[in-house]
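As the structure lists them, so they are numbered: ligands from 1, and atoms in each ligand from 1. Just so you know, these numbers come straight off a predicted model, no measurement behind them.
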Amino acid sequence: MNASWKNLRADFPILDQRINGQPLVYLDNAATTQKPRCVIDALVRYYERDNANVHRGIHTLSIRATAAYEAARERSAKFLNAGSPAEIVFTAGTTDSINLVAHAWGDENLKKGDVILLTEMEHHSNMVPWQLLARRTGAKLRYLPIVPGDTGLLDLDQLSSVLTPEVKIFAFTHVSNTLGVINPAADLCAAAKKVGALTVIDAAQSAGHLPLDTRAIGCDFLAVSGHKMCGPTGVGVLYGRAPLLDNMPPYRGGGSMISSVEYFESKWAPAPAKFEAGTPNIADVIGLATAMDYLDGLGREAIARHDEKLAAHAYARMATEVPGIRMLGPAQHRSGVISFALPGAHAHDVVTLADRDGIALRGGHHCNQPLMRKLGLPSTARASFYLYNTEAEIERLIASLQKIQKFFAE
Ligand code: C6P
């Protein structure tokens, strides 16, 4: 993979277009990232040359497709520094991965009186599956709060009072999709281990943005979405420690996940096949592995530095050059996600007006309704940066926000 920071924008064909007469400034990367040419080519090549079902056929195309699919599992294991490819389950994305754990691990292991610990900044995807699990098992939900104010940092002083021995599972986001906060994942996992709780990390906003080493972090499960890291939509990864996956029952039944089937009962295949019922999303899994090659070609440390530098610069300029703006999340040591509110302007109006200037933002509750209520806001506008964004685009953003602010001030 010849990914290079030089002329990187040329790798992303979609960026080369005008929106409402202006060159596109794509700042909605927390919702989904754009795809480099190599990922698009990998999808086309697969469908043009290799398309066949996997793990079934013994003809050449099926052998080729199976080899590419399983090579993608090895690639994913390396990307996350998993102990082995058997710890990688392909899923539809972060939401699907978390639901898998909540069902397969949760239904089997939780009971009345147990506690599921979450944080106040969780995306609905890392909240609702646990609410449903609590309803099914009688377990209770508990939340680690964020500190008062707008930095959105977790209140770690309260960790020991909420992370008690009744907590059986602690599920938290690595990076907040609204606040841009980067949580201390390794410390949280170490604290959970001390009370015997398992950990589930929502890595939707960190995979592909930061170096991510599941063994150094010490988590039990970690959920990833391919589309937020230059890969295709509808594909993702669940990392699970081998002994846990081995002891969990399947989540869905069907072809491919069995070792034998009788009319009245069946035996399961070992993990990870046990969790991949039916024909998988073969092409997109292969596209995701290509995205991993692309990102590692650039270097995840370098991507993290680029995101943080742009975000810190944008945050400082927005805070000082857009009158009345309310900035959320920390000013520094943050991810590329910046949420803000302009006085008197609904976030949707901010996004619509920015779009007239060719700038793609997101406005709304960002699937963080309880967090919005906590912040006392109905919604925020959000600019989220990634590897192809530039300082020149920050100039365009600031100019547009100043115009929008003026419009609502008049
Ligand atoms: N956040 C955003 O605009 P899926 O939809 O399964 O790929 O990812 C869900 C998800 C889970 N956790 C976090 C922290 C997320 O940010 C997301 C997706 C998008 O912020 C869509 S709401």
Stacked cation flag Arg300 on Phe79, 6.0 angstrom / 45 deg: yes

Around ligand 1, what residues show up once you keep those with a heavy atom under 4.0 Å from it? Ala30, Ala31, Thr94, Thr95, His123, Ser125, Thr173, Asn177, Asp202, Ala204, Gln205, Ser225, His227, Lys228, Arg362, Cys367, Arg382

Kindly write out the residues that satisfy side chain to side chain contact (heavy atoms under 4.5 Å, CB included) with Ala347, not counting sequence neighbours, or none if the list is empty. Ser379, Ala381

Phe340: which of Leu361, Leu328, Val322, Thr380 passes side-chain contact (heavy atoms from CB on, under 4.5 Å): Leu361

Going by the rule side chain to side chain contact (heavy atoms under 4.5 Å, CB included), which residues pair with His124 if we only count those two or more places apart in sequence or in a different chain? Val128, His365, Cys367, Gln369, Pro370

Shortest non-hydrogen contact between Thr91 and Asp96, atoms and distance: CB-OD2, 3.5 Å

If the condition is side chain to side chain contact (heavy atoms under 4.5 Å, CB included), which residues does Arg142 pass it with, not counting sequence neighbours? Val115, Leu117, Val162, Thr164, Glu166, Val167

